[in-house]
Amino acid sequence: MQPAPIQVSYMGFPGTTGANYIHYLVTDEFVSPTRYSHIYSEKLVHLPHCYFVNDYKQKNRDALDPSCQPRRSDYGLPEDKFIFACFNQLYKMDPEIFKTWCNILKRVPNSALWLLRFPAAGEMRVRAHAATHGVQPDQIIFTDVAMKQEHIRRSSLADLCLDTPLCNAHTTGTDVLWAGLPMVTLPLEKMATRVAGSLCLATGVGEEMVVSSMKEYEEKAVSLALNRPKLQDLTNRLKAVRLSCPLFDTERWVRNLERSYFKMWNLYCSGQHPQPFKVTENDMEFPYDR
């Protein structure tokens, strides 16, 4: 029925709606590159940095306080193992990425993969599948889903996050990055496969976390695990930028979203059809400041 003259898709579904009555999709240049615009029915509105909003500075500052950090023993995690983690729902895994994870576990001595019972019914099948790839039972560790604040704090107990390419960590990705946990992610074509890469890049230290092939994914995870000084340096740099990087600057994000709304409205009022555009910061078309 199109109750509003301009209708916009944002966050509810990470992809195109295919609906001719939705005029715009708010996204960013990494998540929805112009070269893929033909797969979207909406006109792409590219926000600067990352399209994904969050409010960790307001609600989860305690995650930055070393004195608030839990211990591995609190969750039955081994103190002496290198712990890879993936906190995505289990449905996001596919046979190719799981085989790659098993290869990584076999190549990194004394390592384990930390997963969530998300859902719990998947634990038995995941363990059985890992065994077929030669992974030892103690290399797969399951933990119950926790409340948000606890989940973010305990994420820092892992050493490296392994993302799922077919459907990335979205909110889960911002959780681990805010916790100071680096990740490895492989962007593909669809929007849902590129979100984690955008999150990583918006921290300013993401180039070392984004790879271009499954082979590179495996090699990156193994090399970081075997070169602890290099991984520690990446972790330290990620932790250092959390209060200053664009990814976690909510006020900056809001100003940019409002710029996109002004642009949409101005196009409509001038009688123009919806068209793709890029939002730029300090654009004189919207000379306001809060």
Side-chain angles (χ1 to χ4, degrees), residues 8-17 24-40 42-57 86-89 92 97 152 155 160-214 216-217 220-221 234 237-239 241-260 276-281:
V8 186
S9 175
Y10 175 69
M11 286 286 274
F13 176 70
T16 183
T17 62
Y24 295 102
L25 172 67
V26 174
T27 181
D28 64 59
E29 288 188 279
F30 187 89
V31 170
S32 307
T34 301
R35 68 182 183 275
Y36 294 146
S37 61
H38 62 281
I39 68 176
Y40 296 89
E42 305 85 359
K43 302 302 181 184
L44 300 179
V45 175
H46 287 148
L47 296 187
H49 315 299
C50 181
Y51 86 107
F52 207 87
V53 69
N54 63 79
D55 65 347
Y56 293 95
K57 284 185 182 180
C86 180
F87 301 127
N88 296 347
Q89 293 191 56
K92 292 188 176 184
I97 192 59
I152 294 172
S155 295
L160 184 63
C161 178
L162 299 178
D163 190 30
T164 44
L166 289 189
C167 187
N168 290 173
H170 294 186
T171 301
T172 305
T174 52
D175 288 344
V176 300
L177 292 171
W178 181 250
L181 177 64
M183 74 165 75
V184 178
T185 184
L186 170 61
L188 302 175
E189 291 186 0
K190 296 179 180 179
M191 186 175 181
T193 74
R194 304 182 64 83
V195 174
S198 178
L199 301 176
C200 290
L201 292 173
T203 66
V205 298
E207 292 82 1
E208 296 178 59
M209 300 187 244
V210 181
V211 299
S212 58
S213 69
M214 193 63 77
E216 187 184 355
Y217 182 109
K220 175 69 73 171
L234 175 58
R237 285 187 286 122
L238 174 60
K239 289 181 176 180
V241 300
R242 287 175 291 182
L243 289 176
S244 60
C245 69
L247 178 61
F248 299 117
D249 191 339
T250 309
E251 290 187 7
R252 183 178 187 174
W253 181 93
V254 169
R255 287 195 296 271
N256 289 325
L257 182 67
E258 290 179 342
R259 288 185 176 99
S260 78
F277 62 88
K278 176 181 177 180
V279 174
T280 56
E281 295 179 302

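Keep in mind that this is a model prediction, so the values were computed, not measured.
With a 4.5 Å cut-off on side-chain heavy atoms, T185 and C200 count as touching. V8 is listed as a side-chain neighbour of V26, based on a closest heavy-atom distance under 4.5 Å. You'll find the side chain of R242 stays beyond 4.5 Å of the side chain of T203, heavy atoms only. Looking at F52 and M11, their side chains come closer than 4.5 Å, going by heavy atoms from C-beta outward. Under the 4.5 Å side-chain criterion, counting only non-hydrogen atoms from C-beta, T280 is not in contact with P48.
Taking the six-membered ring for Trp and thresholds of 30 and 60 degrees, W253 and Y10 have ring planes inclined between 30 and 60 degrees apart.
Listed by first and then second residue, the salt bridge (Lys or Arg N to Asp or Glu O under 4.0 Å) pairs involving residues 28-38 are E29-K278 (not counting sequence neighbours). Counting only residues at least two apart or in different chains, salt bridge (Lys or Arg N to Asp or Glu O under 4.0 Å) contacts with residues 185-212 comprise E208-R237. Sorted by first then second residue, the salt bridge (Lys or Arg N to Asp or Glu O under 4.0 Å) pairs that include residues 162-178, not counting sequence neighbours, are K148-D175.
Ion pairing of R255 with E281 is absent here, as no side-chain N (NZ or NE/NH1/NH2) approaches a carboxylate O to less than 4.0 Å.
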Criterion side-chain contact (heavy atoms from CB on, under 4.5 Å) on I97 and M214, from CA distance to verdict: CA-CA 8 Å; I97 192 59; M214 193 63 77; 3.8 Å; yes
Trace of the side chain to side chain donor-acceptor pair (under 3.5 Å) decision for Y56 with T174: CA-CA 9 Å; Y56 293 95; T174 52; 2.7 Å; yes
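Shown here for L44 and S32, the closest heavy-atom pair between the two residues is CD1-O, 3.6 Å. In terms of heavy atoms, M209 sits closest to P182 at SD-CA, 3.9 Å.
With sequence neighbours excluded, the residues forming a side-chain contact (heavy atoms from CB on, under 4.5 Å) with T250 are V53, N54, Q58, V254, listed by chain and number. Taking Y40 as the reference, nothing meets the ring-ring contact (aromatic ring centres under 6.0 Å, His included) condition, with sequence neighbours excluded. Listed by chain and number, the residues in a ring-ring contact (aromatic ring centres under 6.0 Å, His included) with Y217 amount to none (sequence neighbours excluded).
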